[in-house]
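Please read the structure below before turning to the comments.
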There are 2 protein chains.
Amino acid sequence: MNIYDISQKAGVSIATVSRVLNNNKNVSDKTRQRVLSVMKEEEYQPNAFARGLTLNTMKTVGLLCADTSDPYLGSAISYLEQKLRAHSYESLLCCTGYKQSQKKKCLELLIARHVDALVLIGSSFIEQTTGKNEYLHRAAAQVPVVILNGSLKGANIYSSLCDDAEAVEYATVRLIRSGCQNPVFLYRADTLSGLKKKEGFIRALDLSGQRVSDDQIVMCSGTVTETRDCLLKLHGHLPFDAVLASDDELAIGAIKFGKKAGLRIPDDLSIIGYNNSMLAKCCDPELTSIDNRLEYLCSTSVSLLMNLLNGKSAPDKTVISADIVIRDTTRKTFKEDI
Amino acid sequence: MNIYDISQKAGVSIATVSRVLNNNKNVSDKTRQRVLSVMKEEEYQPNAFARGLTLNTMKTVGLLCADTSDPYLGSAISYLEQKLRAHSYESLLCCTGYKQSQKKKCLELLIARHVDALVLIGSSFIEQTTGKNEYLHRAAAQVPVVILNGSLKGANIYSSLCDDAEAVEYATVRLIRSGCQNPVFLYRADTLSGLKKKEGFIRALDLSGQRVSDDQIVMCSGTVTETRDCLLKLHGHLPFDAVLASDDELAIGAIKFGKKAGLRIPDDLSIIGYNNSMLAKCCDPELTSIDNRLEYLCSTSVSLLMNLLNGKSAPDKTVISADIVIRDTTRKTFKEDI
DNA sequence: TTGTAGGCGTTATCAG
DNA sequence: CTGATAACGCCTACAA
């Protein structure tokens with residue numbers, strides 16, 4: 001069933017059918033109704049490919065993330081997809097994993113499919129080695145690239161992210177003010193956001209006049225149990241009384257460590273997570289966590305994208321500040337309150 | 001840059017270019033090399049829309065799930081997308097939420113986009129009221145529909161799922177054998193899988209000669225905290241010593257309840273969750289959970305789909321049995337062991 | 001307000 | 001082995 005069939009049954013030309021299809025005003029009400037009724041009757045569906053061919057767009061955006069089984073990324077995907085669909089854009093998803101080669105391949109795949117734009121979720125897409133981001137610039141030469149929770153400078157690349165450094169700095173200062181003497185920063189990898197968070201941590205210690213030792217910066221990319229064991233080992237030679245983790249899963253590893261080590265949380269050990277994911281409410285005690293306002297970030301990114309796709313301009317970079325949700329892994333009292 | 005341009009620069013016809021593109025053997029090695037080199041030089045990318053138009057497929061499958069922020073559904077999406085991509089199919093994602101109207105709309109959207117097949121994840125897509133599944137049958141009239149973790153009979157509809165009833169029956173028997181006298185079944189809604197699980201629970205009680213009272217079947221669809229409070233209220237008038245929950249989040253609500261009520265887990269209260277999601281390892285004590293082998297289910301569904309798309313046949317329904325992962329919310333000793 | 005005709009970039013069917 | 005040429009279904013000047 002195509003516009004020819006419809007035009008025949010309605011006794012008009014295909015141009016008229018097309019006009020009705022596209023809500024063109026130059027059609028008399030009478031014929032419009034006639035055409036419309038035939039369409040209904042025949043359950044006509046315009047062919048998306050043919051339309052894409054001439055318009056050179058199928059109203060589709062490519063969504064890239066490392067892995068939707070990560071609750072944080074999964075939430076982002078869910079928000080983005082729904083908001084995009086509300087603007088009648090659909091989402092082509094790629095779960096790339098963390099290997100550079102796969103990320104590259106997926107990007108090319110989506111470009112070859114003529115998506116209207118790309119949204120990359122997570123700073124894992126941005127390499128720290130200069131030159132390694134060339135693939136992103138090449139993609140941006142074709143379609144607008146929006147990076148969520150990461151940032152990269154370049155033509156046609158737009159970043160919206162949360163100020164991770166500031167957030168961690170604030171949270172660390174809070175830990176110190178609540179009486180923690182030896183905080184430790186726990187993170188997975190030297191991604192952009194990992195580095196930013198680390199920077200915030202170091203800044204906070206600097207501010208309070210402490211020197212940061214290398215031992216206080218712990219890299220551990222593993223499961224909850226592995227994280228726990230990693231901290232157990234560390235605690236042997238470097239006792240610490242607070243952990244600031246770069247995501248909630250790591251923070252839960254820290255909770256498990258505290259219990260295993262016989263520490264009271266938060267009295268002997270304070271813990272702060274990052275992302276305020278649903279995990280924060282599943283552990284015990286419930287986790288104080290930095291909330292980087294994911295839904296807001298997604299909304300922002302989508303409206304930004306809609307501007308771009310409608311030919312308007314948009315800021316290269318949008319930075320928002322985080323929130324912190326206090327639960328039961330941090331002390332409520334502060335030194336100066338006592 | 002299109003095949004005309006390429007054909008000119010290579011001094012051949014577009015037909016030859018097309019042949020090279022499609023690995024047709026009827027091209028001399030010499031010309032093939034020439035064309036290939038021009039393509040490389042010009043960084044030629046075939047237009048996916050044009051190709052879709054003639055072939056009437058863009059090698060795309062529609063993935064429908066209620067919400068990827070649910071870790072279970074997020075994992076399923078991740079597995080499916082990657083496995084499909086390995087077969088060079090891409091995934092158009094729709095997060096439909098739980099409203100029937102939205103589910104319908106998304107389905108139509110994807111059909112209109114000429115996806116090659118549809119994969120529905122979760123039994124939430126199957127309505128219990130007869131006639132309400134008409135929309136699925138209509139979709140199946142166009143493209144194969146694969147249901148993951150749900151089942152529906154119909155032409156061109158294929159289901160692969162875990163035997164939830166059996167799994168719950170087994171787990172409940174286990175609870176009873178370990179000494180639990182008053183188990184309670186906790187679930188979210190009368191979806192297909194909800195009902196199956198309930199059925200398994202009732203069967204287990206029947207087997208052990210107990211009569212099931214309505215109070216033992218608790219419906220609660222809310223957050224962890226809401227679930228906790230719901231159980232607190234129930235415990236007032238119906239003391240129970242075991243909870244079998246239809247997902248891990250509910251089970252964690254039960255853990256929170258146990259702690260609030262001052263019950264020892266698992267001595268006073270045994271708890272079993274469902275899905276064996278990452279949540280099971282984040283709570284404390286860690287959750288015994290039924291594992292419905294999600295990854296295996298996803299693999300099965302994808303290979304099944306590949307069969308269908310290659311014109312081969314496939315079984316209407318594949319049922320696998322679940323596993324149970326014992327952690328710390330259930331007793332290790334059994335009545336007969338003592 | 002309506003219709004005609006050309007074009008979008010492929011694939012596929014014929015001849016040669 | 002290669003090349004014309006007709007689809008595929010829609011959009012859009014341009015004409016009427």
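Throughout, a chain's letter reflects where its sequence line sits, starting with A, and its residues are numbered from 1.
Residues passing the salt bridge (Lys or Arg N to Asp or Glu O under 4.0 Å) test with K104(B): none are found, sequence neighbours excluded. Partners of F49(B) by ring-ring contact (aromatic ring centres under 6.0 Å, His included), not counting sequence neighbours, listed by chain and number: H114(A).
Within the structure, salt bridge (charged side-chain N to carboxylate O under 4.0 Å, His left out) contacts touching residues 116-125 of chain B (residues at least two apart or in different chains) do not occur. Residue pairs meeting the ring pair (Phe, Tyr, Trp, His ring centres under 6.0 Å) criterion with at least one member in residues 6-48 of chain B: none, sequence neighbours excluded. Among residues at least two apart or in separate chains, there is no salt bridge (charged side-chain N to carboxylate O under 4.0 Å, His left out) pair with a member in residues 58-79 of chain A. Applying the salt bridge (charged side-chain N to carboxylate O under 4.0 Å, His left out) test to every pair with at least one member in residues 39-51 of chain B, sequence neighbours left out, gives these pairs: K9(B)-E42(B).
One finds a side-chain N or O of T16(A) lying less than 4.0 angstrom from the OP1 or OP2 phosphate oxygen of dG3(C).
For the helix from dT1(C)-dA16(D) to dG16(C)-dC1(D), the angle separating the two terminal helix axes comes to 40°, with each axis derived from five pairs and the value rounded to 10°.
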Can you give me every donor-acceptor pair (side chain of residues 130-150 of chain B, partner residue at least two apart or in another chain, under 3.5 Å) with its distance?
unit_1, atom_1, unit_2, atom_2, d
N133(B), OD1, E127(B), N, 2.8
N133(B), ND2, E127(B), O, 2.9
Y135(B), OH, F125(B), O, 2.9
N149(B), ND2, Y72(B), OH, 2.7

Show which side-chain atoms of residues 88-95 of chain B pair as donor or acceptor with protein atoms under 3.5 Å away, not counting sequence neighbours.
unit_1, atom_1, unit_2, atom_2, d
E90(B), OE2, R113(A), NH1, 3.1

Show the atom names and distances, to 0.1 Å, of all donor-acceptor pairs under 3.5 Å that link a side chain in residues 297-315 of chain B to residues at least two apart or in another chain.
unit_1, atom_1, unit_2, atom_2, d
S299(B), OG, K83(B), NZ, 3.2
S299(B), OG, E295(B), O, 3.2
T300(B), OG1, Y296(B), O, 2.8
S301(B), OG, S160(B), OG, 2.8
S301(B), OG, L297(B), O, 2.8
S303(B), OG, S299(B), O, 2.7
N310(B), ND2, M306(B), O, 2.9

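Side-chain contact annotation: S78(A) with S75(A), donor-acceptor N/O pair under 3.5 Å absent.
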- Item | Summary of protein contacts for nucleotides 5-13 of chain C, nucleotide by nucleotide, where a base hit scores B, a sugar-phosphate-only hit scores S (4.0 Å, heavy atoms) | B-BBBBBB-
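Running 5' to 3' along DNA chain D, contacts with non-hydrogen atoms of chain B at under 4.0 Å begin and end at dC1(D) to dG9(D).
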